[in-house]
Amino acid sequence: MTGVAAPARRARGRVWGPRAVLLGPGVAWWVAFFLIPVGVLIAYSFFRRGPYGGVIYEPTLKNYARAFDSLYIGVLWTSVRIASIATAVSLLLAYPAALFITRAPARWRVPLLVLVILPFWTSFLIRTYAWIVLLNPAGLINKMLIGGGVIDEPLPLLYNEFAVTLGLVYAYLPLMVLPIYASLERLGPQPSEAAADLYATPSQVLRKITIPLTLPGIVAGCIFVFVPSLGNFIVPDLLGGGQTVMIGNVIQQQFLQARDWPFGAVLAMSVIALMVVVLAVQAQVHRRTQEVEHGRAA
Amino acid sequence: MRHRFLRLVAVVSVAGLVLAACGSDDGGGSPPAASDGAAEPADISGTTLTISNWDAYMPKSVVKGFEQETGVEVEYAIHTTNEDIMGKITAANGTGFDLVFVSGPFVQALTNLGWAAEIDQSQIPNLSNLDPEATELAFDPGNTHSVPYTWGTTGICYRDDLVGDAPTSWEAFRTPSPQTDGKMTMLGTDRWLLQPALLSLGYSINTTDPAQIEEAKAWTMSAKENLLAFDDTTFYSKLVSGEASLVQAWDGWCEYGRAEDPKNIDFVIPDEGSDLWTDTMVVLEASENKAAAYAFIDYILRPEIGKSIVEFTLYKMPNAGVMAAVDPAIIADFPTLAITPTELFEQEAQTDLGEDGTILWTETATEIKA
């Protein structure tokens with residue numbers, strides 16, 4: 001033990017310079033564009049609103065009290081519900097897709113991954129507008145269904161919660177596929193092959209080997225989808241027809257219409273708090289899996 | 001005005017449509033000719049003038065012409081909403097711009113905060129071109145802190161061929177016909193969301209009385225059941241595609257629909273009346289180049305310059321000389337340009353709701369939409 005510790009300490013001293021160089025830009029970015037703005041947000045949440053935006057520096061807790069109004073709790077709940085459904089649907093779509101890519105011949109994997117991220121090459125807004133073209137009563141999907149004799153009246157596909165969920169799944173699906181693919185890739189085929197050699201059925205292999213060992217990827221993907229879904233306000237606005245209000249819409253409204261920065265800050269904090277909870281869960285899962293892996297190594 | 005709620009969202013995606021709808025390019029405005037022969041003000045050549053305006057709310061040729069004529073360098077910034085520019089000014093404690101374009105209620109805000117300069121009217125000789133009505137606007141009587149840029153109203157924009165009987169009342173949203181049921185949109189932004197209800201109920205569009213707001217909320221909730229969506233940015237495309245047959249619309253935006261479907265789209269100010277909105281130019285008190293700001297305002301008020309702005313934006317200016325100069329063919333194609341100042345002035349001007357009023361309105365809007 002001691003024999004190992006001494007050289008390690010020496011090495012640590014040596015790498016401090018390069019480390020600062022490597023970490024410096026990232027840390028500076030993080031402090032300037034995350035830590036300070038969040039600090040401002042926290043500070044604002046404890047002051048009174050200015051009549052035309054801004055804040056008056058008189059401390060108050062009223063903003064927090066107001067956030068517990070059933071109106072805002074209800075909106076937050078709707079947001080969590082929609083974001084959860086979007087995450088679950090994304091997972092169901094992404095896991096088989098990621099599995100398929102991993103098992104594809106090596107020369108196909110990169111092209112397939114490029115296809116997954118291809119939508120990111122176009123503006124998110126334009127892609128969201130494209131869904132309006134597809135989903136509206138006189139849109140492509142309804143026209144095809146009516147033309148094919150499947151339905152007589154156009155289906156109400158747009159301006160409801162279904163459209164919002166669909167838009168979120170569409171927007172963030174690649175963020176689910178990529179981490180799951182990464183963890184499947186890292187796992188490699190050997191554990192499944194070993195299990196199969198021991199007479200595990202394919203479904204047993206999936207349930208007892210593949211899924212548990214790729215849990216970190218699954219959780220990471222879920223967070224990548226859930227977090228931006230929760231705060232999204234463009235999709236509910238465009239595809240929800242302004243009739244499905246999510247917490248992102250209310251926050252945007254506080255800053256851009258109500259001129260109530262402190263209350264907007266409180267609502268933003270509530271989203272941050274929710275995300276911290278979600279990330280804590282992820283950390284827990286990650287730690288457990290690592291324990292399992294280390295245990296296996298030992 | 002059309003840019004008031006033109007979030008970034010719409011700027012990106014609708015800009016193409018708008019430009020197409022306008023049918024004129026930035027280059028369309030005629031180059032300025034210093035025909036007025038007004039006395040040149042103090043030497044402002046070589047100075048910089050910082051302006052913030054809504055995107056695509058002025059042809060670029062106007063700015064270029066001003067620069068060429070005066071030698072002033074214009075820094076032209078863009079804001080997406082009134083609240084956006086208010087936020088920027090608030091964050092900089094009233095500094096950062098010489099001249100900003102904001103709507104009426106925000107003139108009151110800037111004035112109350114002491115950030116709007118009192119206009120030195122002697123430096124803007126072309127103020128005399130303004131319609132008399134435009135000097136008596138409720139948010140700034142006498143134009144002491146603002147000069148009107150464009151003005152207009154909100155009404156019902158509809159498809160003649162799809163609605164059956166032409167709408168005449170805001171009640172159209174609450175008592176739809178079979179042709180309009182589920183095929184209507186209303187504006188979703190606070191100030192316009194409650195307006196049809198308040199006008200129908202006979203209340204002021206600037207009310208902050210909780211009982212009246214409560215009634216307006218109930219009215220709007222019952223209208224919501226008949227709506228396709230709340231929509232501030234794409235309602236006119238919905239009309240063009242036939243997805244909607246009747247929408248609450250700003251006059252100029254209705255014209256963007258009419259540009260694409262001239263035969264079938266029409267606009268009406270309902271019998272109960274509507275609002276008078278005004279977008280204005282405000283010089284900031286902290287500006288160190290007020291002379292150039294006044295010169296710019298004066299330039300905008302020239303008939304031939306105003307004409308190029310009206311033909312580009314399809315919004316009316318409260319300036320008889322300008323409106324007389326606009327190509328009659330354009331007015332024939334876009335009839336809301338022919339709404340007279342007298343007619344507009346009959347509508348109630350939007351004024352600031354104050355702190356409690358704003359909270360009440362926003363909360364009500366959230367309740368209606370949630």
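A, B, ... follow the sequence lines: proteins, then strands. Residue 1 opens every chain. As the structure is a prediction and not an experimental result, all values here were calculated from the model.
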Is it the backbone or the side chain of [X] that comes under 4.5 Å from a heavy atom of chain A, or both, or neither?
X: Asp352(B); result: side chain
X: Lys238(B); result: side chain
X: Glu367(B); result: both

Least distance between heavy atoms, [X] atom then [Y] atom:
X: Pro137(A); Y: Glu243(B); result: CD-CG, 3.9 Å
X: Gln243(A); Y: Phe230(B); result: CG-CD1, 3.9 Å
X: Thr358(B); Y: Ala258(A); result: CG2-O, 3.5 Å

Taking ring-ring contact (aromatic ring centres under 6.0 Å, His included) as the test, write out the residues that go with Phe173(B), two or more places apart. none

Inter-chain contacts: residues 72-88 of chain A against chain B, heavy atoms under 4.5 Å: Tyr72(A), Val75(A)

Pairwise distance [atom1]([X]) to [atom2]([Y]) - rounded to 0.5 angstrom:
X: Arg259(A); Y: Asn82(B); atom1: CZ; atom2: CG; result: 9.0 Å
X: Met86(B); Y: Leu256(A); atom1: CE; atom2: CG; result: 13.0 Å
X: Glu355(B); Y: Arg49(A); atom1: CD; atom2: CZ; result: 4.5 Å
X: Leu228(B); Y: Leu158(A); atom1: CG; atom2: CG; result: 7.0 Å
X: Thr90(B); Y: Trp261(A); atom1: OG1; atom2: CH2; result: 5.0 Å
X: Ile132(A); Y: Asp231(B); atom1: CD1; atom2: CG; result: 7.5 Å

Taking every heavy-atom pair that is under 4.5 Å apart, which of Asn112(B), Asp190(B), Thr185(B), Asp84(B) has the most such pairs with chain A? Asp190(B)

For Cys222(A), which residues count as a disulfide bond (SG atoms under 2.5 Å apart) partner, sequence neighbours excluded? none

Compare all side-chain heavy atoms of Phe263(A) with those of Ile359(B) and state whether any distance is below 4.5 angstrom. no

Tell me, out of Leu71(A), Asn249(A), Asp69(A), who's got the most heavy-atom pairs with chain B below 4.5 Å. Leu71(A)

Judged by atom type as modelled, is there a donor-acceptor pair below 3.5 Å linking the side chain of Gln253(A) to the main-chain atoms of Glu363(B)? no

Not counting sequence neighbours, which residues clear salt bridge (charged side-chain N to carboxylate O under 4.0 Å, His left out) with Arg174(B)? List them please. Glu171(B)

